[in-house]
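These notes are about the structure you will find just below.
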Amino acid sequence: MKFYKTLTTLAFIFLAASSFAHTGLDSSIPVDGSMLMESPQTVELDFTADVNLTKFEVVNKMSGAAIEVEFTPSATANSYFSVPMPELAMGHYQVNWALLGGDGHKMEGSFEFMVHDSNAMPMAQMGHGQMMDHSEMPMG
């Protein structure tokens with residue numbers, strides 16, 4: 001009898017814990033904090049479960065201007081989304097997303113990446129004592 005009580009208790013704990021686990025972003029390309037040498041052709045979002053992606057926006061952090069992207073909220077649930085990107089100029093960008101999970105919970109999040117000038121001199125070619133000039137690209 002004690003075994004069944006323990007088993008029942010463990011089952012309730014497991015069910016309660018799983019009900020509090022919400023779907024979230026598992027990974028993205030580009031990853032948060034990336035410094036890219038060229039504009040990404042797509043932004044990819046991989047979630048931990050099937051979701052309806054309800055919002056996807058890219059914002060230039062310097063100007064606050066939204067970048068026009070081809071995004072339509074998803075009608076069917078998926079765990080992976082790929083959004084085509086226009087050519088992005090050198091700058092600091094933030095991706096904002098929102099979703100509706102299968103459990104009915106709404107979640108939102110964001111991540112950032114930078115696009116550097118692909119014509120900039122690579123670090124390996126810089127002379128001793130030279131530094132890359134990032135004065136035009138503040139991070140905040």
Side-chain angles (χ1 to χ4, degrees):
M1 186 69 172
K2 185 175 181 178
F3 172 76
Y4 290 112
K5 285 183 181 180
T6 302
L7 186 60
T8 303
T9 302
L10 288 174
F12 281 124
I13 290 171
F14 175 75
L15 289 173
S18 65
S19 70
F20 289 113
H22 296 290
T23 301
L25 185 64
D26 189 35
S27 64
S28 67
I29 298 176
V31 298
D32 188 24
S34 293
M35 293 187 194
L36 310 174
M37 294 310 290
E38 58 187 31
S39 177
Q41 294 182 357
T42 61
V43 169
E44 301 173 24
L45 305 174
D46 192 14
F47 294 95
T48 57
D50 287 350
V51 299
N52 289 87
L53 190 60
T54 58
K55 173 184 165 185
F56 179 91
E57 68 179 8
V58 179
V59 177
N60 182 313
K61 291 276 291 184
M62 291 279 300
S63 67
I67 306 300
E68 190 171 325
V69 295
E70 295 180 29
F71 170 72
T72 303
S74 64
T76 58
N78 290 301
S79 63
Y80 173 81
F81 298 88
S82 180
V83 179
M85 296 296 296
E87 185 71 24
L88 298 175
M90 183 174 74
H92 185 184
Y93 297 91
Q94 180 172 319
V95 175
N96 301 312
W97 55 265
L99 63 81
L100 183 60
D103 60 359
H105 285 93
K106 295 178 183 177
M107 289 192 68
E108 58 184 41
S110 64
F111 61 93
E112 299 177 13
F113 64 92
M114 293 179 70
V115 176
H116 282 271
D117 183 359
S118 62
N119 296 321
M121 185 185 309
M123 292 280 236
Q125 293 179 1
M126 297 176 85
H128 182 70
Q130 281 185 306
M131 297 182 68
M132 289 186 83
D133 181 13
H134 288 97
S135 62
E136 296 178 354
M137 298 186 62
M139 286 294 291

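- Of the possible donor and acceptor atoms, none in the side chain of S39 sits under 3.5 Å from a partner among the backbone N and O of E87.
- Residues P40 and L36 come closest through the heavy atom pair CD-CD1, 3.8 Å.
- No donor-acceptor pair under 3.5 Å is formed between the side chain of T48 and the backbone N or O of D26.
- Separation of atoms CD (E112) and CD (Q94) is listed at 4.5 Å; rounding is to 0.5 Å.
- We find the CE-CE distance between M35 and M114 to be 5.5 Å, quoted to the nearest 0.5 Å.
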Using atom types as modelled, flag every donor-acceptor pair under 3.5 Å from a side chain in residues 73-86 to any protein atom, sequence neighbours excluded.
residue : atom : partner : partner atom : Å
S74     : OG   : L53     : N            : 2.8
Y80     : OH   : E44     : OE1          : 3.0

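- A continuous path of ILVMFWY side-chain contacts below 4.5 Å connects V69 to V43, so both sit in one hydrophobic cluster.
- Side-chain contact between F71 and V58: absent, with no pair of heavy atoms (C-beta onward) separated by less than 4.5 Å.
- Evaluation of the salt bridge (Lys or Arg N to Asp or Glu O under 4.0 Å) test over residues 45-58, restricted to residues two or more places apart or in two chains, returns K55-E57.
- In this view, S63 and N60, A65 satisfy the side chain to side chain contact (heavy atoms under 4.5 Å, CB included) rule, not counting sequence neighbours.
- To the nearest 0.5 Å, the span separating CZ on F113 from OH on Y93 amounts to 7.5 Å.
- Residues F111 and V51 share a hydrophobic cluster, clusters being chains of Ile/Leu/Val/Met/Phe/Trp/Tyr side chains in contact below 4.5 Å.
- Put simply, the residue from T54, L100, L99 that forms a side chain to side chain contact (heavy atoms under 4.5 Å, CB included) with M107 is L99.
- Hydrophobic clustering (side-chain heavy atoms under 4.5 Å, transitive across Ile, Leu, Val, Met, Phe, Trp, Tyr) groups I67 together with V95.
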